[in-house]
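Since the structure comes first, as structure tokens, the remarks are kept for the end.
Treat the numbers as computed from the prediction; the structure is a model and nothing was measured.
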Amino acid sequence: MKKVLITGGGGYIGSHVAKLFLEKGISVVVLDNFSRGYRQPINILSKIGSIESEEIDLLDPEGIKRVFAKHDIGSVLHFAGLCSVHESVEKPEMYQKNNVEGTRNLLNAMLGADVQNIVFSSTSAVYGETEVLPVIEDQETNPMNPYGLSKRNAEKVIQEYGEKYGFRFVIFRYFNVCGAASDGMIGDSKKPSQHLMQNAVRGAMGIEQFSYTCSKVNTPDGTPIRDYIDVEDLAQAHYLGYGYLQNGGKSDIFNLGNGTGYSVQEIVSEVQRVFGMHIEKKQAEPRMGEHAAMYADASKARHILGFRNNKSLSDSIRSLQKWYAGHPKGYKE
Ligand SMILES: NC(=O)c1ccc[n+]([C@@H]2O[C@H](COP(=O)([O-])OP(=O)(O)OC[C@H]3O[C@@H](n4cnc5c(N)ncnc54)[C@H](O)[C@@H]3O)[C@@H](O)[C@H]2O)c1
């Protein structure tokens, strides 16, 4: 069976998707420049199956081509990217270059190697702020920050290659990702983590003080409402998307989420409930580029791909507890 190339496989989501593919008996090649991700999960995952790592930057077109020449790759799952809204507001050009040019370089290498299936990690940030909730895939895109714009532009490049060269793609637009591997094997180790639930769990475990970074917005409790998806549910969705393309499915865009928003305050309350304690929090500088509420209608992914949300918020919180208990400081690098 041909190998699957996972770009960004040293990162949070890519490593969890790699784990699932290895458990399914599929050989994985990770392409990552390790600017934000780690080599350690790849070493850990090598206990499950065949996983090889290529330290290449997506801004190095020749390097990407070498990866395709070396490995017999059948499909690509594309996670590599920069993904901090806050940072993108400060460095918009860097986001455009990394996320859009990097995607184009990848597609050109795929074209040269005659690999035409790609599953792409996009984001709900492409929609921007909308009054119509839950958001559906046909809704107009209107990114409100350079991160969202870079991901929408990357989607457009993929769509262009679909039209020009017959590439088939699944684009997943998703929301806030939470949780860790339920066996505690791998987890989130961002430098620094931007994820609310991860940070609240670390606060509850006394690993570091929980910093409250949300801005005051117009919602019932004044904190932003977002859709949350567990990283293992997300990995399943990517496996379904991959299978859909393998079976000749037509190119399409799917939202992933649980269809219900939770406010920041509700997430913190759920972490407190699971741990049976109050979490001390420190008010930090509010993030830039935030809007009030965003959650998705994921019924298209349910009907066409058979996607299901199997994990509850408390499942995600408990998986993080297990991960941080074994790795309080995350990965060692
Ligand atoms: N985490 C979320 O909540 C979330 C939500 C929606 C969409 N996404 C998307 O999912 C993808 C993965 O997110 P994540 O949370 O795992 O992020 P992450 O930062 O943990 O992983 C991204 C990986 O990409 C690598 N990378 C970045 N630029 C690269 C380049 N030029 N060349 C090679 N490798 C490069 C990094 O080193 C890192 O390992 C991103 O594309 C992001 O836009 C994430």
Practice prompt. Check whether more than 12 heavy atoms from other residues, nucleotides or ligands sit under 6.0 Å from atom NZ of Lys97, and answer yes or no.
Written response: no
Practice prompt. Would you mind reporting whether Ile42 and Ser15 have side-chain heavy atoms less than 4.5 Å apart?
Written response: no
Worksheet item: Between Asn105 (side chain) and Leu58 (backbone), is there a donor-acceptor pair under 3.5 Å?
Response: yes
Worksheet item: Has Arg39 got its NZ or CZ under 6.0 Å from the middle of the six-membered ring of Phe34, at an angle within 45 degrees of the ring axis?
Response: yes
Worksheet item: Does Ile253 offer a backbone N or O that forms a donor-acceptor pair with the side chain of Lys300 under 3.5 Å?
Response: yes
Worksheet item: Hey, what do you get for CD1 (Ile6) to CD1 (Ile51), rounding to the nearest 0.5 Å?
Response: 6.5 Å
Worksheet entry | Which atom of Ala296 lies closest to which atom of Asp227, heavy atoms considered | N-OD2, 3.0 Å
Worksheet item: What about Val17 and Ile171, same hydrophobic cluster or not, with Ile/Leu/Val/Met/Phe/Trp/Tyr joined at side-chain heavy-atom distances under 4.5 Å?
Response: no
Worksheet item: Would you say the side-chain atoms of Arg168 pair up with the backbone N or O of Gly249, donor to acceptor, closer than 3.5 Å?
Response: yes
Worksheet item: Below 4.0 angstrom, N of the basic side chain to O of the carboxylate: do Glu52 and Lys3 qualify?
Response: yes
Discussion item. Hydrogens and angles aside, do Ser121 and His78 bring a side-chain donor and acceptor to less than 3.5 Å of each other?
Written reply: no
Worksheet item: Any donor-acceptor pair under 3.5 Å linking the side chain of Ser88 with the backbone of Pro92?
Response: no
Practice prompt. Please check if the side chain of Gln116 supplies one atom and the backbone of Tyr165 the other of a donor-acceptor pair under 3.5 Å.
Written response: yes
Worksheet item: Between Glu266 and Ser263, is there a donor-acceptor pair closer than 3.5 Å when you use the side chain of the first and the backbone of the second?
Response: yes
Worksheet item: Can Asn255 and Tyr127 be counted as having a side-chain donor-acceptor contact under 3.5 angstrom?
Response: yes
Worksheet item: Is Val100 reachable from Tyr95 through a run of I, L, V, M, F, W or Y residues, each pair having side-chain heavy atoms under 4.5 Å apart?
Response: no
Discussion item. Working note: Met94 + Glu87, criterion side-chain contact (heavy atoms from CB on, under 4.5 Å); need CA distance, chi angles, decisive distance, verdict.
Written reply: CA-CA 9 Å; Met94 183 172 95; Glu87 185 185 50; 3.8 Å; yes
Discussion item. With rounding to the nearest 0.5 angstrom, report the NE2 to CD1 distance, His238 to Ile13.
Written reply: 7.0 Å
Worksheet item: Under a single-linkage definition using a 4.5 Å side-chain heavy-atom cutoff for Ile, Leu, Val, Met, Phe, Trp and Tyr, are Val115 and Phe21 assigned to the same hydrophobic cluster?
Response: no
Worksheet, complete the sentence: The complete set of ring-ring contact (aromatic ring centres under 6.0 Å, His included) pairs with one or both residues in residues 294-321, sequence neighbours excluded, reads none
Discussion item. I need the Ile158 CD1 to Met110 CE distance, nearest 0.5 Å.
Written reply: 8.5 Å
Practice prompt. Find out whether Ile73 and Lys2 are in side-chain contact, i.e. whether some heavy atom of one side chain is under 4.5 Å from a heavy atom of the other.
Written response: no
Worksheet item: Once the angle between the rings of Tyr12 and His195 is folded into 0 to 90°, is it parallel (under 30°), tilted (30 to 60°) or perpendicular (over 60°)?
Response: tilted
Worksheet item: Can you find a side-chain donor-acceptor pair between Glu155 and Ser122 that sits under 3.5 Å?
Response: yes
Item to complete: Consider only side-chain N and O atoms of Asp315 and Ser312, and report whether a donor and an acceptor are under 3.5 Å apart.
Response: yes
Worksheet item: Under 3.5 Å, side chain of Glu232 to main-chain N/O of Ser182, donor-acceptor pair present?
Response: yes
Discussion item. With a 3.5 Å distance limit and no angle check, can you tell me whether Asp57 reaches the backbone of Asp60 through a side-chain donor-acceptor pair?
Written reply: no
Worksheet item: Just by distance, do the side chain of His327 and the backbone of Trp323 share a donor-acceptor pair under 3.5 Å?
Response: yes
Item to complete: Classify the angle between the aromatic ring planes of Phe254 and Tyr244 as parallel (below 30°), tilted (30 to 60°) or perpendicular (above 60°).
Response: perpendicular
Worksheet entry | Separation of Cys83 SG from Arg36 CZ (nearest 0.5 Å) | 8.0 Å
Worksheet item: Between Ala180 and Ile186, what is the shortest heavy-atom contact and its length?
Response: CB-O, 3.7 Å
Worksheet item: Are Gln198 and Asp188 close enough, and set up right, to give a side-chain hydrogen bond (donor to acceptor under 3.5 Å, both in side chains), and what steps lead you there?
Response: CA-CA 8 Å; Gln198 275 78 321; Asp188 184 16; 3.2 Å; yes
Worksheet item: Which pair of heavy atoms, one from Ile304 and one from Asp252, lies closest together, and at what distance?
Response: CD1-OD2, 4.4 Å
Practice prompt. Check step by step if side-chain contact (heavy atoms from CB on, under 4.5 Å) holds for Met294 and Glu129.
Written response: CA-CA 7 Å; Met294 174 57 77; Glu129 192 150 21; over 6 Å; no
Practice prompt. Working to the nearest 0.5 Å, report the span between NE2 of His86 and NZ of Lys91.
Written response: 10.0 Å
Worksheet item: When you check the gap from the basic side-chain N to the acidic O, do Arg173 and Glu137 get nearer than 4.0 Å?
Response: no
Discussion item. If I compare all heavy atoms of Val126 with all of Gly148, which pair ends up nearest, and what's the gap?
Written reply: CG1-O, 3.8 Å
Worksheet item: Which heavy atom in Ser124 sits nearest to a heavy atom in Phe175, and how many Å separate them?
Response: CB-CE2, 2.8 Å
Discussion item. Is the shortest side-chain heavy-atom distance between Met205 and Phe275 below 4.5 Å?
Written reply: yes
Worksheet item: Within a strict 4.5 Å, meaning less than it, do heavy atoms of the Met197 and Glu270 side chains meet?
Response: no
Discussion item. For a 4.5 angstrom cut-off between non-hydrogen side-chain atoms, does Gln321 reach Arg202?
Written reply: no
Worksheet item: Is there a chain of hydrophobic side chains (I, L, V, M, F, W, Y, each step under 4.5 Å between heavy atoms) that links Leu59 to Val30?
Response: no
Worksheet entry | Hphob cluster co-occupancy, Tyr38 + Phe79, side-chain heavy atoms under 4.5 angstrom | yes
Practice prompt. Step by step, work out the ring pair (Phe, Tyr, Trp, His ring centres under 6.0 Å) result for Phe169 and Phe120.
Written response: CA-CA 7 Å; Phe169 59 81; Phe120 176 56; 9.5 Å; no
Worksheet item: Between Thr7 (side chain) and Ala80 (backbone), is there a donor-acceptor pair under 3.5 Å?
Response: yes
Worksheet, complete the sentence: For Ser150 and Gln96 the tightest heavy-atom approach is CA-OE1, 4.0 Å
Discussion item. Does this structure show an ion pair linking Glu23 with Lys19, if we count only N-O contacts that are shorter than 4.0 Å?
Written reply: yes
Item to complete: Apply side-chain contact (heavy atoms from CB on, under 4.5 Å) to the pair Val76 and Val4, showing each step before the final yes or no.
Response: CA-CA 6 Å; Val76 174; Val4 168; over 6 Å; no
Worksheet item: Looking at side-chain heavy atoms only, is the closest gap between Leu106 and Leu5 below 4.5 Å?
Response: yes
Discussion item. Checking Arg66 against Phe68 for the side-chain contact (heavy atoms from CB on, under 4.5 Å) test, could you report, in this order, the C-alpha distance in whole Å, the side-chain angles of both residues, the deciding distance, and whether it holds?
Written reply: CA-CA 5 Å; Arg66 283 199 300 278; Phe68 280 93; over 6 Å; no
Discussion item. Would you say that Phe172 contacts Leu305 through its side chain, given a criterion of any heavy-atom pair below 4.5 Å between the two side chains?
Written reply: yes
Worksheet item: Roughly how far, to the nearest 0.5 Å, is the CG atom of Leu22 from the CG atom of Leu45?
Response: 6.0 Å
